[in-house]
Amino acid sequence: MRNSVALIVVTLCGLGAEEASLPEDFHRCRQKDPKLNECLKAAVPDAIRKMKLGVPSLSVPSMEPLHVSAINIDSGAGPVVITQNYKNIKLHGLTDTILTTYKADLNHFRLRTDSLTPKMEFIADYIMKGRILVLPIQGKGIANITMLNLVVKHDLIGEPVTRDGQTYMHIREYRVKFIPKKVLLYFSNLFNGDKRLGDQMNIFLNENSDLVFNELKESYENSLSSVFQDVTNKIFDKVPMNKIFLET
Ligand SMILES: *[C@@H]1O[C@H](CO)[C@@H](O)[C@H](O)[C@H]1NC(C)=O
């Protein structure tokens, strides 16, 4: 009797919590390395490139493109009042990302980094309806939102989680800020396919892309930060912290 109880407890604790290791070819950095930040600045983008096709053993999805299921945006007041639904989203260009700064504070489970992505394309099926400045806009088709020289400020707030005597660095909160140098927008099939109106609207959107993007930025940031958080935790929840950031 006592044995079977013990067995059940062991089984429950083990559910979905198998310890894993980083792929062999990932570069590891040492916690005590005086140049830890320099090391991570190079190792992280290298790992992202190596995850191009995903890492099945860690359930990490393909990074090129990275699929996002859906984003729904309701922009309320102001000059841009718009409801947008995006589905089947593909992000292209993440694997060309470099990091310009890295600040790891492992004692406080905090990672801060700035990235630069030369060209990030957001391609998705969209439905939208609303108003931009004084112009009504509506459509259903394919959206291409391309950000050039996109700087992203990442702030990962983690916490230690202990399991089977191992410490994992779970990311509890993942904040991002998007600062693109330029945003190019293209929506196919606006106004039920009226080509003249659609072309005019796409020109108008690009002439006002700073305004349009600023109104929508926070929704993009919130959606993408949860995608980045998921991918990070796919690794951080399975690989013990001292096997990502080596102790010796
Ligand atoms: C999206 O737009 C960018 C910039 O205009 C362009 O370079 C790229 O080819 C487009 N991508 C697709 C899939 O249409």
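Heavy-atom basis, side chains included; hydrogens, waters and symmetry copies ignored.
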Under the criterion side-chain contact (heavy atoms from CB on, under 4.5 Å), I'd like the reasoning laid out for I203 against Q200: C-alpha separation, chi angles, the key distance, then a yes or no. CA-CA 5 Å; I203 290 169; Q200 279 175 4; 5.8 Å; no
Test side-chain contact (heavy atoms from CB on, under 4.5 Å), reference E159, set H108, H170, M169, R110, output is H170
Open item on the list: Tell me whether the count of non-hydrogen atoms from other residues, nucleotides or ligands lying under 6.0 Å of NZ in K217 goes above 12.
Closed with: yes
Heavy-atom neighbours of E218 CD exceed 12 at 6.0 Å:
no
Next on the checklist: Ring-plane angle category for F245 and F236, please: parallel below 30°, perpendicular beyond 60°, tilted otherwise.
Outcome noted: perpendicular
query: Considering only heavy atoms from C-beta outward, does the side chain of I142 approach that of N189 to under 4.5 Å?
result: no
Note: T117 and G93 closest approach over all heavy atoms is CG2-O, 3.3 Å
**Q.** Carboxylate-amine/guanidinium proximity below 4.0 Å for D125 and K140
**A.** no
Practice task
For Y86 and I73, run side-chain contact (heavy atoms from CB on, under 4.5 Å): C-alpha distance rounded to whole Å, both residues' side-chain angles, the deciding distance at 0.1 Å, then the answer.
Solution key: CA-CA 8 Å; Y86 294 101; I73 298 177; 4.1 Å; yes
inquiry  = Let's go through H92 and I123 carefully: what are the C-alpha distance in whole Å and the side-chain angles of both, what is the deciding distance for side-chain contact (heavy atoms from CB on, under 4.5 Å) to 0.1 Å, and is it a yes or a no?
reply    = CA-CA 8 Å; H92 296 266; I123 312 288; 3.9 Å; yes
Tightest non-hydrogen contact, residues I171 and Q229, listed as O-NE2, 3.1 Å
Scanning both residues in full, the closest heavy-atom pair of E64 with T95 reads OE1-OG1, 3.3 Å
Test side-chain contact (heavy atoms from CB on, under 4.5 Å), reference V212, set L133, L185, I145, output is L185
From the list I89, N88, D230, side-chain contact (heavy atoms from CB on, under 4.5 Å) partner of V68 resolves to I89
- Query: Do the rings of Y174 and F228 sit parallel, tilted or perpendicular, given the 30° and 60° boundaries?
  - Reply: tilted
Linked, directly or transitively: L148 and F178 (ILVMFWY side chains, under 4.5 Å)
no
Margin query: Run the side-chain contact (heavy atoms from CB on, under 4.5 Å) test on K50 and D46 for me, step by step, so that the C-alpha distance in whole Å, both residues' side-chain angles and the decisive distance to 0.1 Å come before the verdict.
Written below: CA-CA 6 Å; K50 287 172 175 159; D46 182 59; 2.8 Å; yes
query = According to the interplanar angle, ranging from 0 to 90°, do the rings of F187 and Y126 count as parallel (below 30°), tilted (30 to 60°) or perpendicular (above 60°)?
reply = perpendicular
Close side-chain approach of I137 and L205, heavy atoms under 4.5 Å: yes
Closest non-hydrogen contact found for R28 with L246 is CB-CD1, 3.6 Å
All heavy atoms of M201 vs all of P136, minimum pair found to be CE-O, 3.5 Å
